[in-house]
Structure formats: C-alpha cells, structure tokens
Amino acid sequence: FQQIMDGAISHARKQRHEFLTPEHLMLRIISNIDCVAMTFKYAGIEKSKLLAFLKNHLATLEKVPGKHKYEIDFSNNLLTAFALAGTILNGFNKSNIGLFEIIYAILNIDKECPIRDFVVSNIKIPLKELLGRLITEIAFIDPIPQLENSGSAGDHGEDDGDDDDDEGSGIDPDDSL
C-alpha cells in the first residue's frame, strides 16, 4: 500500500496539485494492480476507459502556481475514504489497510466524488453487486498484490494451507496519515 501512496503523491506533486484525491490513488491502483482492473472489468468497465477518465479528470485539477515547494494535503474525499476503510478493517477484524478496502470506501463516499460518480454511471451491473464483490475480496484476500515492474514488497501472504485468516500485508492506517 505504501508504494501505491508514494506513487499517487509523486504524481500529484509532479502535476503540482494542492490535494491528493481518490482519483490520484485510483490512477495508481488501476495502472499497476491487474486484479483490481479485473474487478472493474467484471462490472463492465474496461481498464483503458477507467484510466482515460482518471487522466482527463486529473488534468483539469487546479495547479499550485509558481515553483516553490509546498506540502500536498489529503482532500476531504480521501480523508473520508480512509476513515471508512478503517471502519471496514474493524468490521473484518483486520489491522492492515488494503486496496480493496480503499476502493470499497471510495465507492461509498456520499458526497460528490468524480471517480465514484464515473463508476456508478458506467457499470453494467448494480452497484450493490460490485460492492458485494469487493466485500468478498476484502474478506478473503489479505495480501496486497505486488506492483508491476517493481521489486518485492515483502510477504505476499501465500496460502499456507490452513483455514485460519492470515494477517495481510500493508501498513497501519495511522502510520499513513
């Protein structure tokens, strides 16, 4: 998860965006994690269509003027998503945030959120069904997939053959904020 966050922050910084948004995070996730793109494909949205939307949306965000250094803040929508993801973690008795928790949380933001609005208007299945699939992923898939073209990100939670829930890879949400 830290690699995803670092990449999203790097992209926002290169574009001189004042805020890190759910769209920055989703661009990084969709670009690098095939199983997430496959979840959206299941719902009828191709990876290329998602990426085009995200790139076009991010290109419209206001840029911080000048060349001075500045700190990127988390947008209200991203803070809302992290809070909801934390609630999801508690509900599943997990301690590490994962990609599917974040995506589920983003799709449940109850105020204007461009990526959520795009997904809702383009999916070919009911939103409830897509959210159900994400909940299944949250419940049964602990590891964070390795980013394409990157080195090892640590233990990826290979199945050890027992039926108990293994703790997943990731970071403590309190450490990322």
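It should be emphasised that the depicted structure is a prediction, and the values quoted were computed from it without experimental measurement.
Interatomic distance, CG of Leu20 versus CG of Asp73, reported as 10.0 Å (0.5 Å rounding). The distance from the OG1 atom of Thr39 to the CD1 atom of Ile29 is 11.5 Å, given to the nearest 0.5 Å. Taken to the nearest 0.5 Å, the CD1 atom of Ile123 stands 9.0 Å off from the CZ atom of Phe40. Rounded to the nearest 0.5 angstrom, Leu58 CG and Thr21 OG1 are separated by 5.5 Å. Rounding to the nearest 0.5 Å gives a distance of 9.5 Å between NE2 of His11 and CG of Leu54. One finds the CD atom of Glu71 at 9.5 Å from the CD1 atom of Ile9 (value rounded to the nearest 0.5 Å).
The hydrophobic clustering, which links ILVMFWY residues whose side-chain heavy atoms are closer than 4.5 Å, places Phe19 and Ile4 apart. Linking ILVMFWY residues whenever their side-chain heavy atoms come closer than 4.5 Å, directly or via other members, places Leu131 and Ile45 in the same cluster. Hydrophobic cluster membership differs between Met38 and Leu50, with clusters built from Ile, Leu, Val, Met, Phe, Trp and Tyr side chains linked at under 4.5 angstrom.
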Yes or no on salt bridge (Lys or Arg N to Asp or Glu O under 4.0 Å) for Lys47 and Asp34, after CA distance, side-chain angles and deciding distance? CA-CA 9 Å; Lys47 180 178 179 176; Asp34 286 337; 3.5 Å; yes
Apply side-chain contact (heavy atoms from CB on, under 4.5 Å) to residues Gln15 and Leu61 and explain how you reach the verdict. CA-CA 9 Å; Gln15 298 300 312; Leu61 295 182; over 6 Å; no
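With hydrogens and angles ignored, the 3.5 Å screen pairs a side-chain donor or acceptor of Thr60 with a backbone N or O of His57. The main-chain N or O of Ile115 is found under 3.5 Å from a side-chain atom of Glu23 such that the two form a donor-acceptor pair. Here the side chain of Thr80 pairs a donor or acceptor atom with the backbone of Asn76 at under 3.5 angstrom.
Residues Asn32 and Arg28 share a closest heavy-atom pair of ND2-O, 2.9 Å. In plain terms, the two heavy atoms of Ala8 and His24 that are nearest each other are CB-O, 3.8 Å. Minimum interatomic distance between Ala85 and Ala105 (heavy atoms only, all atoms of both residues): N-CB, 3.8 Å. The two residues Met5 and Phe74 make their nearest non-hydrogen contact at CE-CZ, 3.6 Å. Between His17 and Tyr70, the shortest heavy-atom contact is O-OH, 3.1 Å. The nearest pair of heavy atoms linking Leu107 to Leu130 is CD1-CD2, 3.9 Å.
Residues Phe100 and Val36 are in side-chain contact: their nearest non-hydrogen atoms beyond the backbone lie under 4.5 Å apart.
By the neighbour-count criterion of 12 heavy atoms within 6.0 Å, atom NZ of Lys14 is sparsely surrounded, having that number or fewer from other residues, nucleotides or ligands. Atom NZ of Lys128 has 12 or fewer neighbouring heavy atoms from other residues, nucleotides or ligands inside a 6.0 Å radius.
Ring geometry for Phe118 against Phe53 counts as parallel: the plane angle stays under 30°, on a 0 to 90° scale with 60° as the upper cut.
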